[in-house]
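A short worksheet on the structure shown next.
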Amino acid sequence: MAKPPPSAVDNVVSLAKRRGFVYPCGEIYGGTRSAWDYGPLGAMLKKNLRDAWWDDIVMLPCWGRKGPDGDKVSIVPLDTCIIQNPKVWVASGHVGGFNDPMVDDKETKQRFRADHLQGFYAGTKEDFAAMDAADEAVERGLAKFNVRPVATLIANSPSEALELMQRDPKLIKPFKIVRVYQTSSAGPGTISVKVEERGHASIGIIKAVEMSMLVNEPESVLSPFSGKAGALTAPRQFNLMFYSYTGAVHDEATKVYLRPETAQGIFINFKNVVDTSRVRIPFGIAQTGKAFRNEVTPRNFTFRSREFEQMEIEFFCHESDAMAWYTFWRDFRMEWWKSIGLAGDNLILREHDTDELAHYSKATSDIEYRFPFTAPGYGELEGVAYRGAFDLTQHTEHSKVKLDYFDTERGPINPKTNLPAGERYTPHVIEPSAGLDRGVLAILCEAYTPDTTRASGVFMKFHPRVAPIKAAVFPLVNKDGLPELADRLHADLVKRFGRYGLIETDAKQSIGKRYARMDEAGCPFCFTIDGQTREDGTVTVRHRDDQRQERMPLEDVVVFLERALQL
RNA sequence: GCGGGUGUAGCUCAGUGGUAGAGCGUCACGUUGCCAACGUGAAAGUCGCGCGUUCGAAUCGCGUCACCCGCUCCA
């Protein structure tokens with residue numbers, strides 16, 4: 001069959017549906033393109049991951065660890081609107097940069113509008129041995145020159161491109177334009193010229209690079225920056241922001257955008273936070289929330305979807321300390337992902353090359369996970385970017401509101417007071433920006449552990465901290481007073497741990513089947529009440545990962561779980 | 001968006017023109033003595049959707065939608 005072989009991610013998708021982690025969105029109406037809903041266990045898993053981030057960033061930043069300045073890390077939370085003043089997205093660059101078909105130069109990382117590409121093509125000197133032959137060819141209307149690409153220019157039109165070439169002949173070296181024909185036999189919108197190449201005459205044409213060429217034969221298009229063939233990506237529509245309208249009248253004046261990232265809500269509230277919460281630089285602002293991007297091609301299960309949740313920190317500091325904070329955050333965030341269960345070789349830290357950086361960034365690294373669908377490559381979980389003062393500067397320019405900071409601990413020492421005179425500056429920003437849904441997906445993929453030796457054939461090896469089901473209590477058989485004992489232990493555990501996750505109990509069917517069911521749901525511990533429990537008050541705990549069993553007194557169960565769940 | 005492929009029960013799939021199927025899962029009852037045991041029974045699909053061909057379509061044709069793989073978006 002031509003059907004593609006089931007991939008590792010297919011198995012994860014299948015289990016996710018079967019056990020209620022992830023459902024296709026809008027399924028009963030035929031689905032919504034690449035959108036997914038979280039089922040009971042998935043919603044729990046996602047909440048646990050979000051809470052873990054919140055706890056370790058906002059409640060006890062970096063586990064109480066000290067920053068590079070020797071003080072404990074200071075973070076305050078924020079929760080800003082999905083729909084902001086549209087000017088926010090103009091200032092951030094999202095409106096201007098993402099509404100036209102764009103092309104990237106893969107090598108120089110430069111981006112420009114695809115419809116601004118003008119190509120210059122020339123015939124070979126063999127075709128036109130003499131100047132006169134060239135004139136004759138054009139006059140006779142021989143449209144089908146055997147031309148080859150010489151250069152690509154960025155200009156609004158072929159005539160503007162011609163002007164550029166005439167002003168700067170080096171652009172099309174070694175060709176020289178010796179005559180511009182008034183009419184072109186090569187079609188409308190095309191300029192025909194006579195050129196000279198090292199003494200030989202030839203014909204040249206200037207015309208817009210066709211979109212279809214960028215898509216179908218990128219090798220025949222030269223980069224306007226490097227001149228290399230095939231260096232450009234296909235044109236892409238970057239109208240990535242969703243929009244709507246406020247009020248009943250729908251026109252441009254009432255148009256609003258759904259945020260494509262939560263970060264801008266933080267930047268525009270920088271002054272509010274500084275003025276009202278007694279924070280002092282260095283400090284960070286943290287926020288989780290949904291963001292929306294009208295992706296051209298959402299794909300790979302929940303990896304790239306149009307609606308996704310972010311967990312973002314904007315950490316503000318003085319420029320002189322920024323690199324130290326960048327390194328600190330990069331390393332801490334990597335350590336954090338390891339701590340919640342992505343501890344294996346599938347997680348890597350990748351520092352961006354200098355030519356890969358955005359123009360305003362001095363350093364950026366990605367924390368990447370080797371998903372089944374990216375293997376042997378990796379997909380980004382979190383980006384840690386040193387963004388300089390770019391964002392605050394942009395918003396200052398557009399809003400005319402100064403987003404700077406007066407630092408009383410800096411500046412030259414005032415000899416009279418023997419205190420620093422203070423320094424006013426625009427803070428630099430380190431941005432650790434993580435994808436919550438991607439984190440959940442990575443955890444699902446990492447946890448998925450085939451094991452042919454056990455009945456379920458697979459188990460979900462969730463770290464206890466994020467596992468949706470924290471524990472289960474089973475009577476070995478559904479009689480002889482065992483269910484009553486199980487109910488009692490279950491009630492105790494629910495009372496103590498119910499706020500952190502599900503505590504299951506089940507008396508039906510064989511014990512093996514119930515263990516198997518918990519394996520697939522990723523429950524780390526099963527406590528089983530048996531005949532011996534009635535005699536000496538002990539239960540067995542069954543460990544999910546190695547199926548090991550140990551016996552412990554009933555009264556030790558709570559402490560055991562507290563330790564295992566890191567509470 | 002382009003190219004290739006796939007849509008049948010919760011999951012995995014069989015069925016190629018003639019009454020809609022299996023395994024697993026789910027639920028109920030019985031049984032049970034530590035890893036999906038067993039028995040009996042039940043619920044569950046207008047075969048992705050629409051139009052066409054045909055006496056008759058899950059099956060053939062066209063269209064459409066969704067998903068998967070490749071190119072691109074990088075939270």
Side-chain angles (χ1 to χ4, degrees), chain A residues 1-7 9-11 13-20 23-35 39 98 101-104 106 211-212 214-216 218 232-238 240 260-263 290-291 293-306 308-312 352 356 364 366-368 373-374 378-383 385 431-439 441 453-457 474-480 482 507-520 526 528-532 540 542 544 547 549:
Chain A
M1 278 302 280
K3 185 176 180 176
S7 69
V9 79
D10 286 336
N11 295 328
V13 174
S14 169
L15 183 140
K17 171 80 185 283
R18 183 155 33 96
R19 286 296 168 194
Y23 306 131
C25 173
E27 195 180 15
I28 64 169
Y29 289 108
T32 307
R33 192 173 170 75
S34 288
F98 297 107
M102 305 293 280
V103 166
D104 287 355
K106 292 174 197 165
M211 294 282 173
S212 58
L214 284 163
V215 175
N216 299 323
L232 302 185
T233 62
R236 292 162 307 206
Q237 203 70 31
F238 270 83
L240 67 72
E261 61 177 28
T262 60
K290 288 246 176 148
R293 292 186 192 176
N294 206 354
E295 300 286 354
V296 176
T297 310
R299 202 164 282 188
N300 288 333
F301 199 26
T302 58
F303 183 76
R304 174 168 288 117
S305 56
R306 297 199 164 99
F308 59 99
E309 190 159 346
Q310 295 184 301
M311 306 186 291
E312 293 198 295
H352 284 210
E356 196 180 346
T364 298
D366 286 345
I367 295 167
E368 299 183 332
F373 46 81
T374 58
Y378 295 79
E380 186 184 1
L381 280 186
E382 173 161 354
E431 179 190 79
S433 172
L436 175 53
D437 302 271
R438 287 186 175 182
L441 181 57
T453 69
R454 64 175 80 193
S456 56
F474 298 142
L476 185 59
V477 289
N478 196 13
K479 62 178 185 183
D480 301 339
L482 302 188
K508 303 287 176 62
Q509 298 172 312
S510 71
I511 189 70
K513 199 166 200 168
R514 285 174 278 163
Y515 286 154
R517 203 176 279 150
M518 286 300 111
D519 276 349
E520 271 201 336
C526 294
T528 300
I529 310 287
D530 57 15
Q532 195 180 331
T540 60
R542 183 253 191 196
R544 173 197 63 201
Q547 298 171 282
Q549 283 186 188

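Lettering follows sequence order; numbering is per chain, from 1.
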Look through every strand shown and name the nucleotide pairing with B:rC38 as Watson-Crick or G-U wobble, where both distances are under 3.5 Å. B:rG30
Sort me out a list of protein N/O and nucleotides 21-23 of chain B N/O pairs below 3.5 Å, or just none if empty.
none

What nucleotide among B:rC27, B:rC11, B:rC35 has an atom nearest to a side-chain atom of A:Arg542? B:rC35
Can you name the residues that form a side chain to side chain contact (heavy atoms under 4.5 Å, CB included) with A:Ala385, not counting sequence neighbours? A:Thr364, A:Arg387
Whole angstrom is fine here: how far is it from CD in A:Glu520 over to C1' in B:rC11? 9 Å
Pair partner, B:rG63 [Watson-Crick or wobble, under 3.5 Å]: B:rC49
Give me the distance, rounded to whole Å, that separates B:rG3 from B:rU8 when you measure between the C1' atoms they each carry. 27 Å
Side-chain-base donor-acceptor pair under 3.5 Å for A:Thr540 and B:rC34: yes
Rounded C1' spacing from B:rA58 to B:rU6 in Å: 15 Å
Can you tell me how far C1' in B:rA20 sits from the matching atom in B:rU53, rounded to whole Å? 23 Å
To the nearest angstrom, how far is A:Phe303 atom CZ from B:rC73 atom C1'? 10 Å
Options B:rA75, B:rC35, B:rC11, nucleotide nearest the side-chain atoms of A:Ser14: B:rC11
Calculate the interatomic distance between A:Phe301 atom CZ and B:rC74 atom C1'; express it in whole Å. 19 Å
Donor-acceptor check, side chain of A:Arg438 to backbone of A:Glu382, threshold 3.5 angstrom: yes or no? no
A:Glu380: what forms a salt bridge (charged side-chain N to carboxylate O under 4.0 Å, His left out) with it, not counting sequence neighbours? none
Can you name the atoms? Protein N/O to nucleotides 30-33 of chain B N/O, anything below 3.5 Å, with the distance.
residue	atom	partner	partner atom	Å
B:rU32	OP2	A:Lys479	NZ	3.3
B:rG33	O6	A:Asp480	OD2	2.1
B:rG33	N2	A:Gly531	N	2.5

Given 3.5 Å as the limit, does a donor-acceptor pair link the side chain of A:Asp530 with the main chain of A:Gln532, or not? yes
Would you please name every residue forming a side chain to side chain contact (heavy atoms under 4.5 Å, CB included) with A:Gln509, sequence neighbours left out? A:Lys513, A:Arg517
Nearest whole Å is fine: how far is B:rA75 P from A:Gln310 CD? 8 Å
Could you tell me how far apart A:Arg19 (CZ) and B:rC24 (C1') are, to the nearest whole angstrom? 11 Å
Can a side chain N or O of A:Arg293 be found less than 4.0 Å away from OP1 or OP2 on B:rA75? yes
Atom P, compared across B:rA44 and B:rG7: separation rounded to whole Å: 26 Å
For A:Lys290, all residues meeting salt bridge (charged side-chain N to carboxylate O under 4.0 Å, His left out), sequence neighbours excluded: A:Glu307
Between B:rA42 (P) and A:Lys508 (NZ): distance, integer Å: 19 Å
Output the rounded distance in Å from OH (A:Tyr23) to P (B:rC11). 11 Å
Could you tell me the Watson-Crick or G-U partner of B:rU19, where both distances fall under 3.5 Å? Say none if there is no partner. none
For B:rU54, the Watson-Crick or wobble counterpart (both distances under 3.5 Å): none
Between B:rC60 and B:rG1 - P atom distance, rounded Å: 27 Å
Residues that A:Asp519 engages under salt bridge (charged side-chain N to carboxylate O under 4.0 Å, His left out), provided they are two or more places apart: A:Arg454, A:Arg542
My understanding is that only residues two or more places apart in sequence, or in another chain, count here; which of them pass salt bridge (charged side-chain N to carboxylate O under 4.0 Å, His left out) with A:Glu520? A:Arg18, A:Arg19
Just wondering, do A:Cys526 and A:Gln549 contact through their side chains at under 4.5 Å, heavy atoms? no
Using both distances under 3.5 Å as the test, list the Watson-Crick or G-U wobble partner of B:rU72, or none. none
By side chain to side chain contact (heavy atoms under 4.5 Å, CB included) - contacts of A:Gln310 (at least two apart): A:Glu261, A:Thr262, A:Ala291, A:Arg293, A:Phe308, A:Glu312, A:Ser433
Across all strands, who's sitting opposite B:rA14 as a Watson-Crick or G-U wobble pair, both distances under 3.5 Å? none
With no angle test and no hydrogens, is the base of B:rC73 tied to the side chain of A:Arg304 by a donor-acceptor pair under 3.5 Å? yes
Please give, in whole Å, the distance from B:rA75 P to A:Glu261 CD? 8 Å
